[in-house]
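The chain is numbered in sequence order, starting from 1. Just so it is clear, the structure is predicted and the values come from calculations on it, not from any experiment.
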Amino acid sequence: MRVILRICSILCIAAIVSCSNNDAAPSEPKASDNTIQTEVPKETVISKKKLIDDLTYNEDEKKLLIINGKEHLSKFIQIEFHPFGFYVPETMEVFSFEDGSHIGLNNAEFISLIEVDRLSNPNNIQESIGGGGDTLFVDEELSIYEEYIGSTIDSNGAVRKDGFLIKHAAAPDTVIDFRYFDKNKETVLPTFIEVAKNIKYIDK
């Protein structure tokens with residue numbers, strides 16, 4: 001009888017130990033030392049700034065333009081058929097065309113204005129900057145400006161245009177259009193940028 005009780009005791013202990021082992025949480029596999037961590041590349045964000053801070057015209061205001069670090073006296077010229085004008089340096093002059101006056105260094109390199117509604121495709125301003133066959137592209141140097149809408153260059157790689165959109169509550173949306181020879185960019189663009197910064201709305 002004692003032998004039977006001893007055997008029963010041993011079996012009970014064995015059953016309890018077995019259940020305890022089954023209830024224990026399984027151990028998690030150790031992380032491999034060879035795990036490769038990949039970094040997601042950060043998207044580059046270009047900080048933009050306004051090209052034109054103030055469109056208010058003051059007829060008593062005198063402007064000194066800073067072009068390539070040099071000061072230039074300026075005079076104010078209103079663009080025909082538009083309620084806008086520019087302060088221009090002595091190196092620029094007025095050229096008259098059927099669609100209004102342009103201001104430029106010569107009759108092939110100039111700044112003009114065109115209302116968005118008069119573009120070939122007002123719903124796609126970028127494509128309307130150039131003519132047929134021109135290639136549309138983005139100039140990184142100009143892309144820092146909020147008003148910049150794109151550039152084009154002709155099929156010969158010679159003549160390029162840069163466009164900037166200006167908005168004023170009392171005037172139609174208007175594009176400032178730079179036209180110049182690409183080979184002259186380093187000398188022409190700083191002048192055109194400084195002049196465009198000083199466009200003014202004329203409240204009649």
Side-chain angles (χ1 to χ4, degrees), residues 48-115 118-119 125 128-131 134-135 137-154 156-168 171 174-204:
K48 291 184 178 289
K49 62 181 181 180
K50 282 187 172 295
L51 175 65
I52 304 160
D53 289 323
D54 185 9
L55 282 167
T56 306
Y57 174 60
N58 180 355
E59 61 182 5
D60 297 322
E61 186 177 17
K62 305 297 180 183
K63 281 277 185 182
L64 275 178
L65 303 181
I66 309 299
I67 303 171
N68 291 328
K70 295 182 180 180
E71 293 184 347
H72 293 261
L73 295 173
S74 69
K75 59 182 178 180
F76 187 79
I77 296 176
Q78 181 174 356
I79 304 302
E80 291 178 351
F81 310 134
H82 294 279
F84 296 100
F86 295 92
Y87 285 95
V88 302
E90 66 281 1
T91 56
M92 296 181 72
E93 55 184 311
V94 181
F95 299 92
S96 295
F97 297 89
E98 292 182 358
D99 59 345
S101 56
H102 302 175
I103 51 172
L105 300 168
N106 51 66
N107 61 6
E109 297 178 300
F110 53 80
I111 299 173
S112 61
L113 297 177
I114 183 170
E115 295 176 3
R118 295 180 59 218
L119 293 171
I125 302 175
S128 300
I129 299 173
D134 290 357
T135 300
F137 68 98
V138 173
D139 187 298
E140 290 187 5
E141 182 180 350
L142 299 178
S143 64
I144 64 171
Y145 298 113
E146 293 180 7
E147 299 89 343
Y148 176 65
I149 54 178
S151 300
T152 64
I153 193 159
D154 68 4
N156 296 320
V159 179
R160 66 174 280 169
K161 292 183 177 182
D162 305 316
F164 302 82
L165 179 64
I166 54 174
K167 292 177 175 287
H168 190 282
T174 301
V175 173
I176 304 175
D177 188 47
F178 296 173
R179 183 192 188 279
Y180 55 97
F181 295 114
D182 189 56
K183 66 180 181 179
N184 296 335
K185 177 185 176 183
E186 297 303 318
T187 55
V188 174
L189 190 56
T191 300
F192 282 10
I193 286 291
E194 181 67 10
V195 170
K197 284 180 179 178
N198 291 283
I199 187 174
K200 300 297 178 184
Y201 170 76
I202 304 166
D203 187 8
K204 294 182 180 180

* What do you reckon, is CD of E90 surrounded by more than 12 foreign heavy atoms closer than 6.0 Å? -> yes
* Does E186 use its side chain to pair, donor to acceptor, with the backbone of P190 at less than 3.5 Å? -> no
* From Y87 atom OH to M92 atom CE, the distance as rounded to the nearest 0.5 Å -> 15.5 Å
* Calculate, to the nearest 0.5 Å, the distance between atoms CG and NZ belonging to L55 and K167 respectively. => 12.5 Å
* Asked: Of all heavy-atom pairs between S143 and V138, which one has the smallest distance, and what is that distance?
  -> CB-CG1, 4.0 Å
* Just checking, any donor-acceptor pair under 3.5 angstrom between side chains of S151 and D139? -> no
* To do: Compare all side-chain heavy atoms of D134 with those of I153 and state whether any distance is below 4.5 angstrom.
  => no
* To do: For residues I199 and I176, determine if any side-chain heavy atom of one lies less than 4.5 Å from a side-chain heavy atom of the other.
  => yes
* Asked: Could you give the distance from CG (L73) to NZ (K63), rounded to the nearest 0.5 Å?
  -> 13.5 Å
* Asked: When the ring planes of Y148 and F164 are compared, do they come out parallel, tilted or perpendicular, using 30° and 60° as the limits?
  -> tilted
* Report yes if some heavy atom in the side chain of K197 is under 4.5 Å from a heavy atom in the side chain of D53; otherwise report no. => no
* Asked: Excluding sequence neighbours, so at least two apart, what forms salt bridge (charged side-chain N to carboxylate O under 4.0 Å, His left out) with E141?
  -> K185
* Is the backbone N or O of I166 less than 3.5 Å from a side-chain atom of T174, with the two atoms forming a donor-acceptor pair by type? -> no
* Asked: Is there a donor-acceptor pair under 3.5 Å between the side chain of E109 and the backbone N or O of F181?
  -> yes
* Does H102 reach the side chain of I111, with side-chain heavy atoms less than 4.5 Å apart? -> no
* Walk me through it: do V175 and I129 pass the test side chain to side chain contact (heavy atoms under 4.5 Å, CB included)? => CA-CA 9 Å; V175 173; I129 299 173; 5.5 Å; no
* Asked: Can you name the closest pair of heavy atoms from G157 and D182 and give their distance?
  -> O-CB, 4.1 Å
* With a 4.5 Å limit on heavy-atom distance, are the side chains of K200 and F86 in contact? -> no
* **Residues in salt bridge (charged side-chain N to carboxylate O under 4.0 Å, His left out) contact with K70, at least two apart in sequence or another chain** => none
* Plane angle bin for F84 and H168 - parallel if under 30°, tilted between 30 and 60°, otherwise perpendicular -> perpendicular
* Can you tell me if D154 uses its side chain to pair, donor with acceptor, with the backbone of A158 under 3.5 Å? -> yes
* What is the minimum heavy-atom distance between L113 and H82, and which atoms define it? -> O-NE2, 3.4 Å
* Within a strict 4.5 Å, meaning less than it, do heavy atoms of the K49 and I144 side chains meet? -> yes
* Asked: Is R179 salt-bridged to D177, going by a charged N under 4.0 Å from an acidic O?
  -> no
* Taking all non-hydrogen atoms of both residues into account, name the closest pair between F81 and G100 and its distance. => CD1-CA, 3.5 Å
* **ring-ring contact (aromatic ring centres under 6.0 Å, His included) assessment of F76 paired with Y57** => CA-CA 10 Å; F76 187 79; Y57 174 60; 4.2 Å; yes
* To do: Take T152 and T135 through the side chain to side chain contact (heavy atoms under 4.5 Å, CB included) test and state the conclusion after the steps.
  => CA-CA 5 Å; T152 64; T135 300; over 6 Å; no
* E147 (side chain) donor-acceptor with I52 (main chain) under 3.5 angstrom -> yes
* Separation of T56 OG1 from E61 CD (nearest 0.5 Å) -> 9.5 Å
* Asked: Does the side chain of H72 come within less than 4.5 Å of L64's, by heavy atoms?
  -> no
* Classify the angle between the aromatic ring planes of F192 and F178 as parallel (below 30°), tilted (30 to 60°) or perpendicular (above 60°). => perpendicular
* Could you tell me whether K50 and E146 make a salt bridge, using a distance below 4.0 angstrom between a side-chain N and a carboxylate O? => yes
* Of all heavy-atom pairs between V88 and L65, which one has the smallest distance, and what is that distance? -> C-CD1, 3.9 Å
* Answer yes or no: is there a side-chain heavy-atom contact under 4.5 Å between P89 and V195? => yes
* To the nearest 0.5 Å, how far apart are CG in L189 and CD in E194? -> 11.5 Å
* Asked: How long is the span from the OG atom in S74 to the NZ atom in K62, to the nearest 0.5 Å?
  -> 9.0 Å
